[in-house]
Every structure is written in C-alpha cells, then in structure tokens.
Amino acid sequence: MVTLVLVLGDQLSPDIAALRQADQSEDLVVMAEVAAEATYVRHHPKKIALVFAAMRKFARSLEADGWNVAYTRLDDPLNSGSIPGELLRRAEEHGTRKVIGTRPGEWRLIEALEDMPLEVVLNEDDRFVASHAEFERWADGRKQLRMEYFYREMRRKTGLLMDGCEPAGGKWNYDHDNRKPASSDLFAPAPLWFEPDDTVREVLDLVLRQFPDNFGALSSFGYATDRAQAEAVLDHFIDNALPRFGDFQDAMLMENRFLYHALISAYLNIGLLDPLTVCRRVETAWKEVRAPINAAEGFIRQIIGWREFVRGIYFREGPGYTQRNALDHNRDLPPMFWGAETKMACMESVVRQTRDEAYAHHIQRLMVTGNFALLAGLDPMQVHEWYLSVYVDAFEWVEAPNTLGMSQFADGGVFASKPYVSSGNYINRMSDYCGSCSYSVKDKTGHQACPFNLLYWHFLVRHRNRFERNPRMAQMYRTWDRMTEHRRATVLENAQEFLEEMNNGACV
Ligand SMILES: Cc1cc2nc3c(=O)[nH]c(=O)nc-3n(C[C@H](O)[C@H](O)[C@H](O)COP(=O)(O)OP(=O)(O)OC[C@H]3O[C@@H](n4cnc5c(N)ncnc54)[C@H](O)[C@@H]3O)c2cc1C
Ligand code: SF4
C-alpha cells in the first residue's frame, strides 16, 4: 500500500524527517497550497508569495530527484481547502490510509492531523539543535528558564565557539561590546534581492488575485525562493554585514531598514537554510579573521540560543500558550498598526517598513511596536495575530513566544524575568526617529510629550503589585516615588488622555 508523505510549506528541506522515512520508489509526496493555511490569519502578501513559490520550486526539485509528487495549487478546482482535506482526497485517489509527516510547528495543525481518520505518523522535526526531550531535561526542575544558561548548553553540545571546555575568547557573551546607536549617514550594505523568475511571477499574480485586501505591499518582491538563492543571501551577509552585525544590532534608522541584519529568518524557518550549517559558516568567518568575536558570538547566540529556546518554550507550554494574558490587557489594536495615520514617527516608520517589506528587525519589533502595545495595554491575542500576519518569517512556534512571552509578558514571566519596556529615551538613543516626530521626546508631561514617556509610568503604576518587588525593576519605582505628587498626577492624567483619544479613534 502506498504511503502518503506530507511535506508542509515550512518543511522544504530535502532531508526532512518524513522524507527520510519514506520509500522513494513507492510512496507519494503530498504538497498543497490550501486556503485554510493561507487565511487563518491575514498573512502579508509577500509571506504567502514566498511560501507558495518556494513550495513549487521544492516540489520540482523532489521530482527531479525521482520522487512522485502530488502537488495541489491554490486555484486547482479540486482543492479541498485544507491539509487534512487534501490528505483525505489523495488517500481516496490512491487507495491508502497511511500518512507519514514531520510534526508541524503549530499546535493547531498538529491537533488537526492527529484527529484525522487515517493512520498518521508524525516524526519529530529534527532540524533543530535541541530535541524536545533535551529541552525538557534541561528545563525540568529549574525555577526560572533563562536563555543564557540554555545557550551555554547548546555551545557545549555543538562545540561552536568553544576552546575545549571554555568559551572561545574567554567569555560566553559579548553583548557588552554591541548595541551601539547608528547615525543616519552610516553606510550599510544593500541586501541581496532576486528578480522574480517565471515561477515567482506566476505566484505573484495568484496572490494579487486572491488576496487583494491583505495588509502589505507585494510590489518589488525580492525574497529568495530556493536553496541556492537562500545560500547566496547567507554568503552576502557573511561577506558584507556580519563584521558589523554585533555593533549595530540594536540600532534603528528610518532610511536604512536592514542595517547589518542577515534577513535569513524566513529561509531558516521554511527549511531553505539549516541553522547549524549557518552557524558553522559564521564560526569559520571568525576563525579566518573575517569577522570579530562580538559579531560571530552575537549572531550564533540568536540562532542556537534564542531560536532554540523560544521553540522549547512553545512546545513545553502547550496549546494554551497563545491564550495567555497575565497582565489582563484588553485594549483593541489601534488602526495605526494597519497603516492608519499616527503622529508617532517611530510607529509610523516601523509599520510602513513592515507593510513594504514584511520585515522589521528584532529591536523594531520589540522596542517600538511591542513596547507600545505593552505600555498601552493592548490585547495580547490581537498583538500575537498581528505579528503572525505581518512578518515574512512568522510561524507560530517562533512568533508566539517572542510576542506573548518576550514582548508582551502575557505568560507572566515564563520567558522573561522582567517586561521589556522603555520610555522614549531608549528609542531616541538607538534611532533617528525622534528628530522628525510631532511629539517631543524631551517632554515628560503635556500634550507634546512623547507617548512612550507617559505610558511607561502608566504601565508601571498599573502593575505595581506585580513588579515592584522585582529587583530589576525596583529602581524604576524608586524614581517614580521621588517625583512630586503633582508631577505624578500630571503624568498619569496625560497618559490616560492619550489612551482615551486613541480609543476614540483620534490620530495620536
Ligand atoms: C515581537 C517579536 C516577534 C517576533 N516574531 C518572529 C517570527 O515570527 N519569526 C522569527 O523568525 N523571528 C521572530 N522574532 C525574532 C527576530 O525579530 C527575527 O528572527 C529577526 O528580526 C529576523 O531577522 P534577521 O534574519 O535579519 O535576523 P538577525 O538579526 O540577522 O538574526 C539572525 C537570526 O537569529 C535568529 N533570531 C534572532 N533573534 C531571535 C529570536 N528572538 N527568536 C528566534 N530567532 C531569533 C533568526 O533566525 C535570525 O534570522 C520576533 C521578535 C519579536 C520581538
Ligand atoms: S518622540 Fe516618542 S513617539 Fe516620537 S519618535 Fe521618539 S519615541 Fe517615538
């Protein structure tokens, strides 16, 4: 009996577990572009285009390698509209009940596959450094899960940047040398983009027809859509941007959207690049003195540290993780997140960039849009759906812990020991946004005052019971307590006015 081999749109790796288990001479690979996956949130058109184009090219490469592939296009008349539906249809066509797959990166789809009236075997997705069992072993019995300690385990396990049992250069973490602000005239290398080929053009037409109202620009699509292109992006990054990656990792510039970032998260997440290979390439660049240790270490930490850690948390915390709302925040997402006018230059710039590119770098996501959402008390579920929709690299296993855990503290501290909040000072130090803003970052009260300055204190006061005993936040409460009563009352009143105006739909 033929076995169906399910390959999902983010499983485009030739050695994915399901393919390793299959028999090329007998089994049938099933791949499908389905409405259920394309619409469960309103994805950015560039994200849909990237995934469909990469799927089509991957299917062709499998066929060239000798696999039988049953591929369903989104507009095929017989398309049933969902992954389970397509498996049932193919099972009936081929008289089989057997399916092997690789465990999806989202509880929603895992549950849908496990509930199917077919014999479905899901293999662990082993394209990661740590297996689920390893993460559980590391996490069990710990009072707090902190990325830094997990990361050191991953360094020891992989031997990356290790000098025997010691970290290369004598330190585990070189963040102290990073986080420099950037000036507007900083030269940064242009990213490597690709002219759409026939496959990409066909998909772009489809996306334009089927998703005309989704937030995001489809024009000037330049993402890599196959392995060779993704590897070229990695080479380009290592040769041109890696040496200064660490220095300017946290900087934000209006006209320089990518700075020294790698732009590879989407390729890692859909399987066009392998995380460990990427890290070994970066380590080699450091060994060959083509990149300094602070850049190589900072970069490798993002991948074998943060990326692995967030995945561990997502699967450890279970399907209910996305429902968490520890701070009881429930304000609706204001229209500025979807491109409506705002007077805040930082928000306007990051949202515009997100609409154009389906990309914003980590600090833009964390300290501009995420910081604002947290300070303003926006509903974390709506915030989660926004991040899941608008970024080209957004898949729930990585997006949800970053958004709900790191950025919104909605998991109550499973992920982070304190909320990532800041006043306008931080944004002003790390970016060039404030210079062209209608608000004044120097003003701490009044109608011109930067909303981050007002909302920062409003947030701390709202959650005083939860945070004032946190040793990393005690200083902030001492500063608040030292202000005059009049000043404190004015800050809170101005913050409240801002929130009410925003709720009432005013342009703020
Ligand atoms: C609120 C919020 C939501 C996010 N949502 C996503 C998401 O949906 N998908 C996603 O891949 N990343 C997400 N991130 C993490 C990070 O912002 C992106 O991985 C990064 O911006 C991708 O751009 P890059 O490839 O240029 O990364 P670089 O800055 O060049 O970093 C290199 C690589 O490190 C990895 N990395 C860095 N930080 C993280 C992190 N915190 N978690 C996981 N991997 C990391 C990525 O694979 C990235 O490609 C989110 C962060 C925040 C604060
Ligand atoms: S002044 Fe405040 S709102 Fe304006 S850009 Fe700066 S941080 Fe953003």
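Just so you know, ligand 1 is whichever comes first in the structure, and atom 1 is the first atom listed for that ligand.
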**Student:** For the pair Tyr439 and Phe498, name the ring-plane relationship: parallel under 30°, tilted 30 to 60°, perpendicular over 60°.
**Tutor:**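 Rings of Tyr439 and Phe498: perpendicular, as their planes differ by over 60°.
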**Student:** For atom 46 (C) of ligand 1, what is the closest protein heavy atom, and at what distance to 0.1 Å?
**Tutor:** Ser265 CB, 4.1 Å
**Student:** Are any of the N or O atoms of Leu263 closer than 3.5 Å to those of ligand 1?
**Tutor:** yes
**Student:** Can you measure from CG (Asn494) to CD (Gln448) and round to the nearest 0.5 angstrom?
**Tutor:**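 CD of Gln448 is found 11.5 Å from CG of Asn494.
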**Student:** Quick test: of every protein heavy atom, which one is nearest to atom 33 (C) of ligand 1, and how far off is it to 0.1 Å?
**Tutor:**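 Residue, atom and distance for the closest contact: Ile303 CG1, 3.8 Å.
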**Student:** Rounded to the nearest 0.5 Å, what separation is found between the CG atom of Asp10 and the CG atom of Leu268?
**Tutor:** 12.5 Å
**Student:** Tell me the protein heavy atom at minimum distance from atom 6 (C) of ligand 1, and give that distance in Å.
**Tutor:** Arg365 NH1, 3.3 Å
**Student:** Measure Leu268 to ligand 1 on non-hydrogen atoms and call it side chain, backbone, both or neither using the 4.0 Å cut-off.
**Tutor:**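 Near ligand 1, Leu268 shows its side chain, while the N, CA, C and O stay back.
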**Student:** Closer than 2.8 Å to atom 6 (Fe) of ligand 2, do we get an N, O or S atom from Cys346, backbone or side chain?
**Tutor:** no
**Student:** Taking distance alone, with no angle check, do Ser407 and ligand 1 share an N/O pair under 3.5 Å?
**Tutor:** no
**Student:** Please work out which of Met254, Met344, Lys343 has its closest non-hydrogen atom nearest to atom 3 (S) of ligand 2.
**Tutor:** Met344
**Student:** Should Tyr260 be listed as contacting ligand 1, given a heavy-atom distance under 4.0 Å as the test?
**Tutor:**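 Contact absent.
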**Student:** State plainly whether the residues Asp247 and Lys180 are in salt-bridge range, i.e. N to O under 4.0 Å.
**Tutor:** yes
**Student:** Considering only non-hydrogen protein atoms, determine which one is nearest to atom 18 (C) of ligand 1 and report residue, atom name and distance to 0.1 Å.
**Tutor:** Asp393 OD2, 4.0 Å
**Student:** For the residue pair Trp480 and Val491, establish whether any side-chain heavy-atom pair is separated by less than 4.5 Å.
**Tutor:** yes
